[in-house]
Undergrad: 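The structure is given below, and queries will be raised subsequently.
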Amino acid sequence: MASTYYLTSAISYPNGAPHIGHAYEFVCCDALARFKRLDGYDTRFQIGTDVHGQKMWQTARDLGLSPRELSDKNSDVFQEMTDLLNVSYDRFIRTSDEDHHAASQAIWRAIEANGDIYKDVYSGWYSVRDEAYYDESETSVTEEGTRIGPQGTPVEWVDEESYFFRLSAYQDQLLALYEEQPDYIGPASRKNEIVSFVKGDLNDLSISRTTFDWGVKVPGDEKHVMYVWLDALTNYITGAGYPDTQSDLWRFWPCDVHIIGKDITRFHAVYWPAFLMSAGIELPKRVFGHGFLLNSGQKMSKSLGNVVDPFDMAKLYGVDQLRYFFLREVRFGSDGSYSHEDIVNQTNASLANNFGNLAQRSLSMIFKNCDGAVAPVAELTDADQRLLADADALLDTCRVAIDRILPNEALDAIWAVLDHANRYFDEQAPWELKKTDPDRMRTVLYVTAETVRQVAILCQAFLPESAAKLLDQLKIAEEARDFVQLGARNRLDPATVIDKPQGVFPRFIEPEAA
RNA sequence: GGGAGUGUAGCUCAACGGUUAGAGCCAGCGGCUCAUAACCGCUUGGUUGGGGGUUCGAAUCCCUCCACUCCCA
């Protein structure tokens, strides 16, 4: 029975179009999910949209749409983007889904049954845009007479009946959790932030609203809809079948890791475990807050005009090129920066020149000089064995990197082997051997092709489309592409006969300057 | 305003308080011709954000200032 691996990305708030940060998160999650799947885990990967809340409700009203119409329309765009980027989700959840409403109401009842929900009145200045209440001292009045919050967004006085969650009762348990499971919040820098937040006074949390009706109804009191975060976080267990713990899907809970943006760590590392503790549900094993992608070092914003449409980027650079850049160039967990120049340089150098050209130069020689036959192997020299040993060691290195949620380190290791292979090819000079020792030439080509095979199999996790093309060219059967095929036990079949190879990673050529 | 973090080569990043601060990309020079003007070798490039301190010894520890990011108020 294979071990399970359940991975979630944050669900996106589809108040507008997806941006590059969404694309980045999806791709990183996808690499982890694909890797685990190829490595034999019973894997589940969930992604989706969080469609409720006052902001969606207001945006819809402004556009003359129903909230449902808006959320369906915008969720479709997010889903199209995940498909375009080859994101291999098992479920694209939308919090408007029926089973999700059922799950949210179920967790509400469980928390209520534990005595952690009470009704009170909430008063204060509320910013819809920030979805936050502010103290009057934090607000100010503009010249036009509008009262605004510290972020400069309009606030309105709200005096409403609300249900509260006894978050304050969970302070000690939360601190104990961080203590006992040092890896619960990653990376470490995020953890410090959370611990200091929880060490301060935790206030009880308002978890319902009555001023709008776009959300999950509070069971037994339908004037109220549930606080958007309580409902949103619950998506992770909806996807595991909750509340039906007899469900086949429940084997995936507890989740192995929630991948989220660093800005929402608090919701995932404080509120979510507290809700689960109260409801008597096991906690996820890990929460990991990744960094942001900055455009040439600057934060993306509409006013700076540097917001980039990920659809356009995928079209311009290619899907795998974009994926590669995200995964290799940014240490997951830290902030990263991208620019047109960076993407072009990095993908040309690593994909076209290094990997693509290695495959092309070796496969071409096989095709031209060996009638496409990968040929019987003569005795292996030390140089041959060193290269193969390097390739054989990759899986273990990559496993460690992936478990630490550092896909960039996995790619570093893979590319070190590709460097080695290019060096080897040059030193062995098979084009010389062609004249002097054709058998030796065949062996060199075989060893190189075998290295390409192993790298391509690993790269399926990161560059699925291109890796598949390469494996097709090597005539590797669909069922011989998982990680069991890596290492010394399963070499490239010497009886393989290939067709004329085709470059897999074209160089990026700048369009003519206008 | 408070807290957390970051700042190292033109760019992206490494470096348990311990030889001369490393690697990739870019650039320059040379080589090769199997290959996608690709590949291989060599080279240039640094006051480790500024200033002060602790230490036999600091990129690393402490203080302070500056810039940026995130969280909180």
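Just so we're clear, the structure is a prediction, and the values are computed from it rather than from any experiment. To find a chain, count down the sequence lines: A is the first, B the second, and so on, and within it residues start at 1.
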Undergrad: Using a 4.0 Å heavy-atom cut-off, does A:E432 contact any base of the nucleic acid, only the sugar-phosphate backbone, or nothing at all?
TA: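 Sugar-phosphate contact only - A:E432 comes under 4.0 Å of backbone atoms but never of a base.
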
Undergrad: Between B:C16 and B:C56, how far apart are the P atoms? Round to whole Å, please.
TA: 23 Å

Undergrad: When you match A:F425 and A:A349 each to their closest nucleotide on RNA chain B, which lands nearer the 5' end?
TA: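 With A:F425 and A:A349 compared, the 5'-side residue is A:A349.
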
Undergrad: Heavy atoms under 4.0 Å, any strand shown: does A:K368 hit a base, just sugar-phosphate, or nothing?
TA: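 Sugar-phosphate only.
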
Undergrad: Give a yes/no answer on whether the side chain of A:K191 brings an N or O atom under 4.0 Å of OP1 or OP2 in B:G5.
TA: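 Checking B:G5 against A:K191, no side-chain N or O comes under 4.0 Å of OP1 or OP2.
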
Undergrad: Out of A:F508, A:W415, A:F462, which one pairs with A:Y324 under the ring-ring contact (aromatic ring centres under 6.0 Å, His included) rule?
TA: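 Looking at A:F508, A:W415, A:F462, the match for A:Y324 under the ring-ring contact (aromatic ring centres under 6.0 Å, His included) is A:W415.
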
Undergrad: Consider only side-chain N and O atoms of A:R323 and A:N86, and report whether a donor and an acceptor are under 3.5 Å apart.
TA: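 No, because no side-chain N or O of A:R323 sits under 3.5 Å from a partner of the opposite role on A:N86.
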
Undergrad: Write down the distance separating the C1' atoms in B:G10 and B:G46, rounded off to the nearest Å.
TA: 12 Å

Undergrad: Decide whether A:D499 and A:Q473 meet the rule of one side-chain donor and one side-chain acceptor closer than 3.5 Å.
TA: no

Undergrad: Using a 4.0 Å heavy-atom cut-off across all strands, classify A:A352 as base, sugar-phosphate, or nothing.
TA: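 Base contact - A:A352 has a heavy atom under 4.0 Å of at least one base atom.
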
Undergrad: Does A:N345 or A:R361 map to a spot on RNA chain B nearer the 5' end, using the closest nucleotide for each?
TA: A:N345

Undergrad: State which of B:C11, B:A38, B:G31 makes the closest approach to the side chain of A:N357.
TA: B:A38

Undergrad: Under 3.5 Å, is there a donor on one side chain and an acceptor on the other for A:D384 and A:Y424?
TA: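 Yes.
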
Undergrad: With rounding to the closest Å, how many angstrom separate the P atoms on B:C63 and B:A27?
TA: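 About 43 Å, rounded to a whole number of Å.
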
Undergrad: How far does the P atom of B:G24 sit from the matching atom of B:U64, given to the nearest Å?
TA: 39 Å

Undergrad: Counting side-chain heavy atoms from CB outward, which of B:G41, B:C70, B:A35 is closest to A:S364?
TA: B:A35

Undergrad: Can you check the distance between B:G3 and B:U43, where both ends of the measurement are the P atom (answer in whole Å)?
TA: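 48 Å, rounded to whole Å.
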
Undergrad: By the definition ring-ring contact (aromatic ring centres under 6.0 Å, His included), identify the one residue from A:Y24, A:F26, A:F326 that meets it with A:H290.
TA: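 Exactly one candidate clears the test, A:Y24.
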
Undergrad: Taking only the P atom of each, what is the distance from B:G22 to B:U44 in whole angstrom?
TA: 12 Å

Undergrad: Under 4.0 angstrom, heavy atoms only, what part of the nucleic acid is A:V504 near: base, sugar-phosphate, or nothing?
TA: base

Undergrad: Pairing donors with acceptors under 3.5 angstrom, does anything connect the side chains of A:H268 and A:Y236?
TA: yes

Undergrad: Counting side-chain heavy atoms from CB outward, which of B:C40, B:A35, B:U33 is closest to A:W431?
TA: B:U33

Undergrad: I need the CG-C1' distance between A:L351 and B:U36, as an integer number of Å.
TA: 12 Å

Undergrad: Within the pair A:R507 and B:A37, is there a side-chain N or O less than 4.0 Å away from OP1 or OP2?
TA: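 So the side-chain polar atoms of A:R507 never come under 4.0 Å of the phosphate oxygens OP1 or OP2 of B:A37.
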
Undergrad: Work out how far the P atom of B:C26 is from that of B:U12, and round it to whole angstrom.
TA: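 Those two atoms are separated by 15 Å.
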
Undergrad: Whole angstroms only, please: what is the CG-C1' distance between A:D426 and B:C34?
TA: 10 Å

Undergrad: Could you give the distance separating B:G17 and B:A4 at their C1' atoms, to the nearest angstrom?
TA: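 To the nearest whole Å, 24 Å.
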
